[in-house]
Amino acid sequence: MLLAASTQRTIGFVILAIVFIGGLVYLFFNIRAAKAEVGSEIELAPNRSPALLDEDLEGRRLDIALLANLVMLTIIALALPFYWLGEPGRAEGRNIDTARIFTNRGEELYVEGAQCVNCHGAAGAGGAVTTAITDDAGGFVAQVVWKAPALNTVLSRFSEDEILHTLNFGRNGVMPAWGAGGGGPLTNQQLEEILFYLRSIQIDAATIASEVESGVIERVEDMLVAESDADYAVAIREAEAAQLDATLPVEELDLDCSDPTDAENSLCVDLAAANDALLAARDAGREQLGADAAEWIADAQAVAETARMIAIDDDPSLADAERDDDLRWAALELLATPGAVANQETYLRYGEFLFTNPAAEGTYSCARCHTYGFSFDGAERFTIRANGTTESILPDGYNQGGGFFGPNLTGGSTLDQFGTARSHALFIETGQTIGQPYGRGGSGGNGQMPGFAARTESNTVGPGIANDLETDYPALLNSDQIDAIVAFERNL
Ligand code: HEC
Ligand code: HEC
């Protein structure tokens, strides 16, 4: 077992064995070959001067020196193999040390040196940055709060090379360029150190799944509050309207109700009462709202089940467990085809809620890259516009999937790009890879379309990393969720 541990270790043991056995063999033959000293029997010839006696030459000092040499030789002969034995451990220890040092330095850069933490949040949980929106001519439009995605899942969606691209060149003017390639202040080694740190903060599959789910629930609850006829929803809507009515005059007079002097103003008193009433209405409806949202989501997911049943009706061989994938693709084609499945509207809307998932600062959403304004809530009310008004930057709302950093997905463009719902879904699962074309006309970019299925990193960056190292990162979305998004996109 130990012998098989590693080549270095095996070689170490072999050398040790050779030295040991060789020593014994030498001792054995040496003793056997011992005989009287050569020449001791011959009389001294007359032309030879008497040599120095052995007793004169071989004094105590020589004995000590020889003994010392023997001891040293033995030590070296024994120590060398022992040194070899420890070599793999030493190499491993050095790599662990390097990883620890790089991770610590990466954390230092994340928190202090480059202050990623200010925008991306503690331990990469996601955050935001206040920035200015300008028009095409560079004129100031508004001050907005732009969401910065969570980085504790970034290795699930991008390869390390793709992350390095973003770190080098930044994105959209809001994510600064850090690497020398983009004119930034950090060295390549510092970028590698940041990657070591990012590896250390990735969260597990269960946490990801619950974050994604909580984001969908939030969207469904917003929809129910806005649209449901249930008493609690009507009550919350009324309380929201009353709160808005109380907010506008306060904004108009620029009152700061958190300031003790302003707080006494009757407008602030009204607003405080409206806030309390809204909280109370939400509290009263919370339980029913949660139950209704869960029911709505179950209904939406049941549509996919219906599609599978229709597909099996059409082709009974799809019921075979071995044809799971074929069944998925047949059902997905139906789910994406207008009018092919009952209650399809609900299913497509479920896809939309995944597309606009608000969890973790929109990290899991598609809208942050494919819908202009999504990352800074452009369709919400804003107070800080150039002309001081409170209208939103996108008064007509979002053009969902209309394109921004990623291409426009509307008007059937995804049907043109991907001939089948299957190839569309497979693209969402893997994303775009640096330099690789996709679909019918997608040319190879810089890998900036993330992959949403589980991925394996096999090109890990940095020193002390074994060539064959492979690291698995969990999926951001499961196949049912990806299918719902694909159906939604194919109907945009
Ligand atoms: C000034 C704020 C700010 C700072 C500082 C900042 N970022 Fe960003 N970063 C952003 C924003 C905003 C985005 C999203 C841009 C967008 O919406 O297109 C982003 C995007 C990213 C992405 C792409 C992630 C994805 O899923 O799309 C990575 C990776 C990233 N940042 C890493 C870092 C690292 C590492 C640092 C520190 C060296 C850093 N950022 C510092 C604001 C910032
Ligand atoms: C970090 C930004 C980003 C996010 C998040 C993102 N995409 Fe993309 N997406 C891109 C980019 C960039 C491209 C173009 C890639 C290229 O040209 O190489 C793209 C391309 C696409 C395409 C191909 C469009 C075409 O016509 O060529 C589809 C479909 C798509 N994305 C769907 C999605 C879906 C679905 C999600 C969410 C599950 C999503 N994207 C999330 C950036 C993003």
Side-chain angles (χ1 to χ4, degrees), residues 106 109-111 113-121 124 126-131 145-158 160 162-168 170-179 184-186 190-191 193-195 197-198 212 351 354-357 360-371 374-376 401 403-418 423-425 427-429 431-453 476-477 481-482 484-486 488-490 492:
L109 283 166
Y110 186 88
V111 177
Q115 302 191 348
C116 321
V117 69
N118 288 352
C119 298
H120 289 283
V129 50
T130 303
T131 184
V145 178
W146 194 302
K147 294 183 189 100
L151 299 179
N152 58 12
T153 47
V154 74
L155 281 157
S156 286
R157 55 183 173 272
F158 292 116
E160 298 196 350
E162 289 162 358
I163 294 174
L164 283 178
H165 177 86
T166 307
L167 294 185
N168 262 309
R171 190 190 297 159
N172 292 329
V174 278
M175 162 67 185
W178 293 102
L186 302 184
Q190 286 173 314
L191 298 185
E193 289 165 357
I194 289 175
L195 274 179
Y197 174 64
L198 291 179
V212 170
L354 284 157
F355 190 91
T356 60
N357 193 330
E361 305 298 331
T363 302
Y364 302 104
S365 76
C366 318
R368 72 179 166 100
C369 290
H370 288 283
T371 303
F374 176 83
S375 281
F376 52 86
F404 169 49
F405 177 63
N408 183 349
L409 306 174
T410 65
S413 65
T414 57
L415 300 174
D416 295 338
Q417 183 69 281
F418 304 102
S423 59
H424 188 160
F427 175 71
I428 311 295
E429 289 187 348
Q432 191 259 326
T433 310
I434 294 179
Q436 279 184 21
Y438 65 88
R440 285 179 171 140
S443 57
N446 294 308
Q448 295 303 294
M449 163 67 191
F452 287 83
L476 299 181
L477 299 173
Q481 292 161 339
I482 288 175
I485 296 178
V486 167
F488 167 70
E489 282 184 350
R490 291 178 88 71
L492 274 174

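Worth saying up front: this structure is predicted, and the values here are computed from it rather than measured. Counting starts at 1 for both ligands and their atoms, in listed order.
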Parallel, tilted or perpendicular for [X] and [Y], by the 30°/60° rule?
X: Tyr110; Y: Tyr197; result: tilted
X: Trp146; Y: Phe404; result: tilted
X: Tyr438; Y: Phe418; result: parallel

When rounded to the nearest 0.5 Å, the distance separating CG of Leu477 from CD1 of Ile428 is 9.5 Å

What distance separates Phe488 CZ from Leu409 CG, expressed to the nearest 0.5 Å?
9.0 Å

For ligand 1, which part of Arg157 has a heavy atom less than 4.0 Å away: the side chain, the backbone, both, or neither?
side chain

Specify side chain, backbone, both or neither for Leu167, according to which of its non-hydrogen atoms lie closer than 4.0 Å to ligand 1.
side chain

Short list, please: which atoms of ligand 2 are under 4.0 Å from a heavy atom of [X]?
X: Phe418; value: 23 (C), 29 (C)
X: Gly445; value: 18 (O)
X: Ile485; value: 35 (C), 38 (C)

Report the part of Phe355 (side chain from C-beta onward, or backbone N, CA, C, O) that has a heavy atom under 4.0 Å from ligand 2; answer both or neither where that applies.
neither

Counting only heavy atoms closer than 4.0 Å, does ligand 2 sit against the backbone of Ser443, its side chain, both, or neither?
backbone

Hey, does the side chain of [X] reach the backbone of [Y] with a donor-acceptor pair shorter than 3.5 angstrom?
X: His370; Y: Phe405; answer: no
X: Gln432; Y: Gln436; answer: yes
X: His120; Y: Pro149; answer: yes
X: Gln417; Y: Arg440; answer: yes
X: Ser413; Y: Asn408; answer: yes
X: Thr131; Y: Val174; answer: no
X: Thr371; Y: Gly401; answer: yes

May I ask you to check whether Gln417 has an N/O atom sitting below 3.5 Å from an N/O atom of ligand 2?
yes

Output yes when the distance from some N or O of ligand 2 to some N or O of Tyr438 is under 3.5 Å, and no in every other case.
yes

Give the numbers and elements of all ligand 1 atoms closer than 4.0 Å to a heavy atom of [X].
X: Phe158; value: 25 (C), 26 (O), 27 (O)
X: Ile194; value: 35 (C), 38 (C)
X: Gln115; value: 5 (C)
X: Ala114; value: 38 (C)
X: Asn172; value: 16 (C), 18 (O)

What protein heavy atom sits nearest [atom], and how far off is it?
atom: atom 17 (O) of ligand 1; result: Trp146 NE1, 2.9 Å
atom: atom 41 (C) of ligand 1; result: Trp178 NE1, 3.4 Å
atom: atom 22 (C) of ligand 2; result: Phe427 CE2, 3.3 Å

Non-hydrogen atoms of [X] and [Y] that approach each other most closely:
X: Leu476; Y: Gly451; result: CD1-O, 4.4 Å
X: Glu361; Y: Ala148; result: CB-O, 3.8 Å
X: Gly362; Y: Phe374; result: CA-CE2, 4.4 Å
X: His424; Y: Glu489; result: NE2-OE1, 2.7 Å

Using heavy-atom distances, let me know which of Glu429, Glu489, Arg440 sits nearest atom 34 (C) of ligand 2.
Glu489

Shell of protein N/O/S atoms around atom 8 (Fe) of ligand 1, taken as anything under 2.8 Å:
His120 NE2, Met175 SD

Evaluate the side-chain proximity of Trp178 to Pro185: yes if any heavy-atom separation is below 4.5 Å, no if none is.
yes

Any atom of ligand 1 sitting under 4.0 Å from a heavy atom of Lys147?
yes

Does ligand 2 have any atom sitting under 4.0 Å from a heavy atom of Ser365?
yes

If only protein N, O or S atoms under 2.8 Å count, total around atom 8 (Fe) of ligand 2:
2

Walk me through it: do Thr166 and Phe158 pass the test side-chain contact (heavy atoms from CB on, under 4.5 Å)?
CA-CA 10 Å; Thr166 307; Phe158 292 116; 5.6 Å; no

Can you check side-chain contact (heavy atoms from CB on, under 4.5 Å) on Thr433 and Glu162, steps first, answer last?
CA-CA 8 Å; Thr433 310; Glu162 289 162 358; 4.3 Å; yes

